[in-house]
Enquirer: 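Take this structure first; my questions come after.
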Amino acid sequence: TIERPKMETLTLKAALWYARKGLHVFPVTKDKVPFKGTHGYKDASVDPEVIKAMWAAAKAKDEHVNVAIATGKISNLIVVDVDPRNGGTESWKEIVGDNYFFTHTVTSGSGGRHFYFKYDATRKFPNQIAEGVDILSDKKQVVAPPSENCVGRYDFKYRNNPNLFPRFQFADLPPWLDAYLVKPKAKIDLPNIDVNMEVLTGAIDFTSIKGAEHWARCPFHQENSPSFSVNADTGCYNCFGCGKSGSFASLVFELRIGEN
């Protein structure tokens with residue numbers, strides 16, 4: 001019987017391969033969140049030695065190590081994430097309509113689709129363009145093959161027919177997606193208040209604190225593991241799950257902290 005290589009071995013090999021293609025990578029847990037003590041996409045690298053060190057550190061914490069790619073300008077990559085569990089298949093069919101496109105495609109562990117496109121800094125999209133259809137760009141991540149979650153493995157859609165598609169060739173963003181570009185918004189004046197960690201601690205249930213980093217489950221989306229970080233030194237927050245970020249004042253404003 002041939003023993004299957006351990007997941008951290010498979011994903012490390014994949015991470016080094018992605019890096020050679022210019023994609024910045026970093027390790028994540030089975031729940032798609034950065035390992036404790038790491039900084040997610042901020043740690044992403046194409047340096048083989050840095051990548052090997054990150055995987056060694058991750059392996060010391062958990063035998064199951066998945067590989068994630070930092071999306072956006074850093075990797076020249078935008079991913080359209082279609083999640084069938086949230087109505088994404090139907091939404092994507094409606095968005096695409098009769099239009100044709102062909103690009104590198106990955107099947108997710110839950111049966112969804114990740115469509116890889118070239119990054120375009122001139123076109124800004126919201127985090128979600130339709131029910132079950134998310135855009136993964138700057139300051140975000142996409143979990144990549146051969147990662148696994150509790151329901152399945154991420155894989156290349158065209159693995160069994162290499163002649164059909166040149167592997168890892170990303171198409172330009174199709175023009176029919178422009179209908180979903182972010183519309184300019186009127187400037188919102190944030191409240192002129194002194195916000196400190198004491199105010200936030202009374203409103204957010206932090207699960208762990210390490211130095212200046214305070215971790216909690218994100219108040220902007222549902223998640224099982226804490227990926228929402230508030231930094232007491234910088235006065236900023238960031239969610240590694242949904243990509244939401246900003247200052248303490250903007251957090252207070254969005255959550256309506258202190259309002260009766």
Side-chain angles (χ1 to χ4, degrees), residues 24-36 38-44 66-75 77-88 91-92 95 106 108-110 112-117 119 123-144 147 149-150 154 177 180-183 185 188 190 200 203-208 213-231 234-257:
H24 289 63
V25 296
F26 60 98
V28 292
T29 69
K30 204 169 188 177
D31 293 323
K32 303 190 294 186
V33 298
F35 283 87
K36 188 175 180 180
T38 64
H39 306 92
Y41 67 83
K42 295 180 180 179
D43 292 335
N66 282 337
V67 56
I69 299 171
T71 53
K73 182 179 180 180
I74 188 174
S75 295
L77 172 66
I78 286 182
V79 175
V80 177
D81 180 2
V82 179
D83 186 353
R85 298 169 300 178
N86 294 311
S91 296
W92 186 237
I95 291 171
V106 166
S108 70
S110 58
R113 291 286 186 271
H114 292 163
F115 299 101
Y116 287 47
F117 294 99
Y119 178 78
R123 299 157 79 184
K124 301 296 183 182
F125 293 92
N127 292 336
Q128 185 177 73
I129 61 173
E131 186 175 359
V133 181
D134 295 335
I135 300 292
L136 308 178
S137 187
D138 291 312
K139 299 182 179 180
K140 294 186 181 178
Q141 67 183 49
V142 63
V143 178
S147 300
N149 58 23
C150 58
Y154 293 73
L177 277 177
Y180 301 90
L181 289 172
V182 171
K183 304 293 189 299
K185 294 182 179 180
I188 299 176
L190 295 175
L200 297 180
I204 299 174
D205 184 17
F206 291 106
T207 59
S208 63
E213 296 281 348
H214 292 59
W215 291 88
R217 291 180 176 84
C218 181
F220 299 106
H221 78 285
Q222 292 185 345
E223 61 180 0
N224 295 324
S225 300
S227 65
F228 182 81
S229 171
V230 175
N231 191 300
T234 64
C236 296
Y237 73 92
N238 181 70
C239 178
F240 294 95
C242 68
K244 195 82 172 177
S245 63
S247 66
F248 281 5
S250 65
L251 180 60
V252 168
F253 181 79
E254 292 217 41
L255 298 181
R256 301 300 191 263
I257 296 174

Enquirer: Over all heavy atoms of both residues, which pair between H24 and A44 is shortest? Give the atoms and the distance, please.
Expert: CB-CB, 3.7 Å
Enquirer: Closest approach of S147 and A144, non-hydrogen atoms and distance?
Expert: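 Closest approach of S147 to A144: OG-O, 2.7 Å.
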Enquirer: Which heavy-atom pair separates V28 from A68 by the least distance, and what is that distance?
Expert: CG1-CB, 3.8 Å
Enquirer: For a 4.5 angstrom cut-off between non-hydrogen side-chain atoms, does V80 reach I135?
Expert: yes
Enquirer: If you define the side chain from C-beta out and look only at heavy atoms, does anything of N127 sit under 4.5 Å from F220?
Expert: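 A side-chain contact is absent here, since even the closest heavy-atom pair is not under 4.5 Å.
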Enquirer: To the nearest 0.5 Å, what is the distance between CG on N231 and CH2 on W215?
Expert: 10.0 Å
Enquirer: Taking all non-hydrogen atoms of both residues into account, name the closest pair between T207 and R217 and its distance.
Expert: CG2-NH1, 3.9 Å
Enquirer: Is the shortest side-chain heavy-atom distance between C218 and C242 below 4.5 Å?
Expert: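 The answer is yes, as the side chains (C-beta and beyond) meet within the 4.5 Å cut-off.
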Enquirer: Just say parallel, tilted or perpendicular for the rings of Y237 and F228, cut-offs at 30° and 60°.
Expert: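 The arrangement is tilted - the two ring planes meet at 30° to 60°.
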Enquirer: Measure the shortest side-chain to side-chain distance between L177 and I129 over non-hydrogen atoms and say whether it is less than 4.5 angstrom.
Expert: yes
Enquirer: Do the side chain of Q141 and the main chain of K32 share a donor and acceptor less than 3.5 angstrom apart?
Expert: yes
Enquirer: By the definition side chain to side chain contact (heavy atoms under 4.5 Å, CB included), identify the one residue from V82, N86, D83, V133 that meets it with S91.
Expert: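 Passing option: V133.
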Enquirer: Tell me if the aromatic rings of F125 and Y180 count as close, with their centers under 6.0 Å from one another.
Expert: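 No, they do not, as the ring centres are separated by 6.0 Å or more.
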Enquirer: Within a strict 4.5 Å, meaning less than it, do heavy atoms of the F240 and V33 side chains meet?
Expert: no
Enquirer: Could you check whether atom NZ of K124 has more than 12 heavy atoms from other residues, nucleotides or ligands sitting under 6.0 Å from it?
Expert: yes
Enquirer: Could you grab the distance from atom OG1 of T71 to atom CG of D138, nearest 0.5 Å is fine?
Expert: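 Those atoms lie 7.5 Å apart.
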Enquirer: Between K140 and V79, is there a donor-acceptor pair closer than 3.5 Å when you use the side chain of the first and the backbone of the second?
Expert: no
Enquirer: Show the nearest heavy-atom pair for residues Y119 and S137, with the distance to one decimal.
Expert: CE1-OG, 3.5 Å
Enquirer: Within the structure provided, determine whether S108 and H114 are in side-chain contact (heavy-atom separation under 4.5 Å).
Expert: yes
Enquirer: On a heavy-atom basis, which atom in A70 and which in F26 lie closest, and how many Å separate them?
Expert: N-CE2, 4.0 Å
